[in-house]
2 protein chains.
Amino acid sequence: MENLSHSEENYLKEIFHLSAQSNDRVSTNHLADRLNAKASSITDMLRKLADKELVSYIKYKGCRLTDEGERIAVQIIRKHRLWETFLVKKLSFGWEEVHEVAEQLEHIDSEKLIDSLDHFLDYPKFDPHGDPIPNKDGQIEYRSSKLKLIDVGIKSRVEIVRVNEDSLSLLKFLEQQELTLGTVIEIMEKFPFDDSVRIKVNGERNINLSKKVIENISVKLLDE
Amino acid sequence: MENLSHSEENYLKEIFHLSAQSNDRVSTNHLADRLNAKASSITDMLRKLADKELVSYIKYKGCRLTDEGERIAVQIIRKHRLWETFLVKKLSFGWEEVHEVAEQLEHIDSEKLIDSLDHFLDYPKFDPHGDPIPNKDGQIEYRSSKLKLIDVGIKSRVEIVRVNEDSLSLLKFLEQQELTLGTVIEIMEKFPFDDSVRIKVNGERNINLSKKVIENISVKLLDE
DNA sequence: ACTATTTTTTAGACATGACTAAATATTTTA
DNA sequence: TAAAATATTTAGTCATGTCTAAAAAATAGT
Ligand SMILES: [Mn+2]
Ligand SMILES: [Mn+2]
Ligand SMILES: [Mn+2]
Ligand SMILES: [Mn+2]
């Protein structure tokens with residue numbers, strides 16, 4: 001309901017993401033790191049957001065979203081992921097190109113726009129990176145398991161369902177290797193000395209993947 | 001090329017529109033009026049834009065866009081009109097609902113986005129109000145004649161090709177009366193005492209239109 | 001040509017969001 | 001548990017974009 005600045009919205013969104021990982025209060029430095037800002041700037045903004053009752057903020061103890069703050073954060077994430085989906089599905093963007101533009105588009109303020117877009121895209125459940133898209137009411141259908149490729153045992157067959165979108169170069173690499181969502185992978189061999197693995201892709205070709213790669217890919221187990 | 005604030009972009013756009021009407025320098029007060037800001041704010045901003053060589057500004061004499069300023073203004077207008085077209089054509093917005101959202105979308109900074117959108121829309125020549133959409137190179141195909149409905153003689157048959165988008169209520173009225181782009185009109189009678197007219201719409205029904213309405217509709221003559 | 005009116009600029013202020021450097025709290029380590 | 005290291009806040013500054021009120025310039029009216 002409130003009218004927030006782009007900056008305020010980015011803070012809420014980032015607090016939501018960090019809370020999801022640790023479920024503890026989010027620390028000032030952690031936020032500073034993610035938002036590419038100085039800790040002092042974070043303190044200032046947390047005060048403002050606390051005044052607006054969008055976060056609970058305790059000096060030296062970090063912050064946490066209020067219900068209202070979380071509601072808003074989820075709506076911004078909804079917009080972000082719907083726009084990313086639009087860019088890939090309708091405008092033929094690559095999955096490594098969409099995040100930057102979505103960072104801008106997520107701040108457009110029009111409920112009618114986003115609901116129309118949702119309809120136009122036929123109510124997609126996941127964005128191009130496999131992250132769930134909150135619905136109009138803010139509900140998020142998380143995947144039942146959060147299995148990472150790095151934790152999969154040898155000889156298991158799995159399907160790629162999500163990749164961490166944070167690294168542009170990872171996305172480019174995966175695209176180039178044709179390791180997109182839906183790709184079926186079998187773990188052929190594990191190399192403990194550097195945590196890399198050898199995999200078979202779509203039952204066809206074998207390739208090696210480094211630890212850095214496989215810890216950023218989420219999969220689901222395929223039963224034989 | 002430069003990175004401009006939303007505010008700076010809005011100034012450039014408005015200077016462009018006002019220049020198109022008067023082709024004289026644009027006055028501080030005229031801008032203040034259109035931008036809903038005080039004259040002193042305009043002076044401040046014109047100084048800044050002059051520093052960036054986007055306008056030529058002469059104290060007490062008003063301003064005018066430089067070539068670079070005009071280039072940027074046209075690109076913003078291109079974005080605005082393409083987004084309006086997208087909203088109507090793809091998301092089923094009414095023509096009276098699009099301007100407000102386009103005011104936000106026009107500031108999204110991504111050349112790839114706007115060129116993809118242009119392609120997706122199949123390179124439209126006109127926006128939902130009949131205004132020409134500049135192409136990628138900034139070229140604008142203006143209509144050959146700028147005939148307004150108010151200047152059309154009795155018994156002439158004309159087609160609506162453009163409406164002034166500035167008034168929400170006018171757009172709603174025209175929509176409701178089914179006076180949309182492409183509608184064919186014949187002037188049946190003119191009433192000099194209030195400059196209103198009686199017209200026949202699509203050869204079917206007769207209605208009366210006030211001066212306020214007919215001075216905001218542009219038409220093209222249909223030869224018999 | 002002088003005065004009145006209108007337009008525009010200047011001066012000074014405020015809100016926002018960010019920064020640096022210094023001070024203070026908290027946590028870690030020995 | 002006391003010093004060292006780390007994390008966080010405070011104090012003071014800056015840039016941006018806006019405003020009000022007062023001063024100055026341009027224009028209009030007699
Ligand atoms: Mn993203
Ligand atoms: Mn994503
Ligand atoms: Mn418009
Ligand atoms: Mn328009």
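Throughout, protein chains are lettered first and strands after them, A, B, ... in sequence-line order, and every chain is numbered starting at 1.
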Let me check something: any side-chain donor-acceptor pairs from residues 28-43 of chain A under 3.5 Å, sequence neighbours excluded? List them with distances.
unit_1  : atom_1 : unit_2  : atom_2 : d
A:Arg34 : NE     : A:Glu14 : OE2    : 3.1
A:Thr43 : OG1    : A:Ala39 : O      : 3.3

Pairs under 3.5 Å (N/O, protein and nucleotides 13-15 of chain C):
none

### Task
Sequence neighbours left out, what pairs pass side chain to side chain donor-acceptor pair (under 3.5 Å) with at least one residue falling in residues 50-60 of chain B?
B:Glu8-B:Lys52, B:Arg25-B:Ser56
Rounding to a whole Å, what distance do you find between [X]:[atom1] and [N]:[atom2]?
| X | N | atom1 | atom2 | answer |
| --- | --- | --- | --- | --- |
| B:Asn36 | D:dT18 | CG | C1' | 13 Å |
| A:Leu49 | C:dT16 | CG | C1' | 13 Å |
| B:Lys38 | C:dT7 | NZ | P | 14 Å |
| B:Met45 | D:dC19 | CE | P | 11 Å |
| A:Lys52 | C:dT16 | NZ | C1' | 10 Å |
| B:Ile58 | C:dT8 | CD1 | C1' | 14 Å |

Side-chain donor-acceptor pairs under 3.5 Å in residues 120-127 of chain A, sequence neighbours left out?
unit_1   : atom_1 : unit_2   : atom_2 : d
A:Tyr123 : OH     : A:His119 : ND1    : 3.2
A:Asp127 : OD1    : A:His129 : N      : 2.7
A:Asp127 : OD1    : A:Gly130 : N      : 3.1
A:Asp127 : OD1    : A:Asp131 : N      : 3.0

### Query
Between A:Asp118 and A:Lys136, is the closest basic N to carboxylate O distance under 4.0 Å?
no
### Query
Within the pair A:Tyr57 and D:dT9, is there a side-chain N or O less than 4.0 Å away from OP1 or OP2?
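Answer is yes, contact under 4.0 Å.
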### Message
Strictly below 4.0 Å: does A:Thr43 bring a side-chain N or O up to OP1 or OP2 of D:dT9?
### Response
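For D:dT9, OP1 or OP2 has a side-chain N or O of A:Thr43 closer than 4.0 Å.
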### From A:Arg78, A:Lys79, A:Lys13, residue fulfilling salt bridge (charged side-chain N to carboxylate O under 4.0 Å, His left out) relative to A:Glu106
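So the option named by the test is A:Lys13.
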Anything under 3.5 Å between a protein N or O and an N or O of nucleotides 21-27 of chain D, put it in a table, one pair a line.
unit_1 : atom_1 : unit_2  : atom_2 : d
D:dA25 : O4'    : B:Tyr60 : OH     : 3.3

### Message
The test is side-chain contact (heavy atoms from CB on, under 4.5 Å); show your working for B:Glu97 and A:Lys112 and say whether it passes.
### Response
CA-CA 10 Å; B:Glu97 301 174 298; A:Lys112 165 148 188 164; 3.2 Å; yes
### Proximity to DNA chain C (any heavy atom under 4.0 Å), residues of residues 25-35 of chain A only
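Within this stretch, nothing sits under 4.0 Å of the strand.
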### Task
Go through residues 6-23 of chain A and report each residue with a non-hydrogen atom lying under 4.0 Å from DNA chain C, sorted by number.
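Correct list: A:Ser7, A:Tyr11.
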### Message
Could you work out, with side chain to side chain contact (heavy atoms under 4.5 Å, CB included) as the rule, every residue matching B:Val88, not counting sequence neighbours?
### Response
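In terms of side chain to side chain contact (heavy atoms under 4.5 Å, CB included), with neighbours along the sequence ignored, B:Val88 is linked to B:Val98, B:Pro128.
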Partners of [X] by side chain to side chain donor-acceptor pair (under 3.5 Å), sequence neighbours excluded?
| X | answer |
| --- | --- |
| B:Asp194 | B:Ser196 |
| B:Asp151 | none |
| B:Gln75 | none |

### Pairwise ring-ring contact (aromatic ring centres under 6.0 Å, His included) hits with a residue in residues 96-118 of chain B, at least two apart
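Only B:His6-B:His107, B:His80-B:His99 qualify under ring-ring contact (aromatic ring centres under 6.0 Å, His included).
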#### Entry: Ring centre gap for A:Tyr11 and A:Phe16 strictly below 6.0 Å
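No, too far apart.
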### Query
At their closest point, which heavy atom of B:Lys190 faces which heavy atom of B:Val152, and how far apart are they?
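Shortest heavy-atom contact: NZ-O, 2.9 Å.
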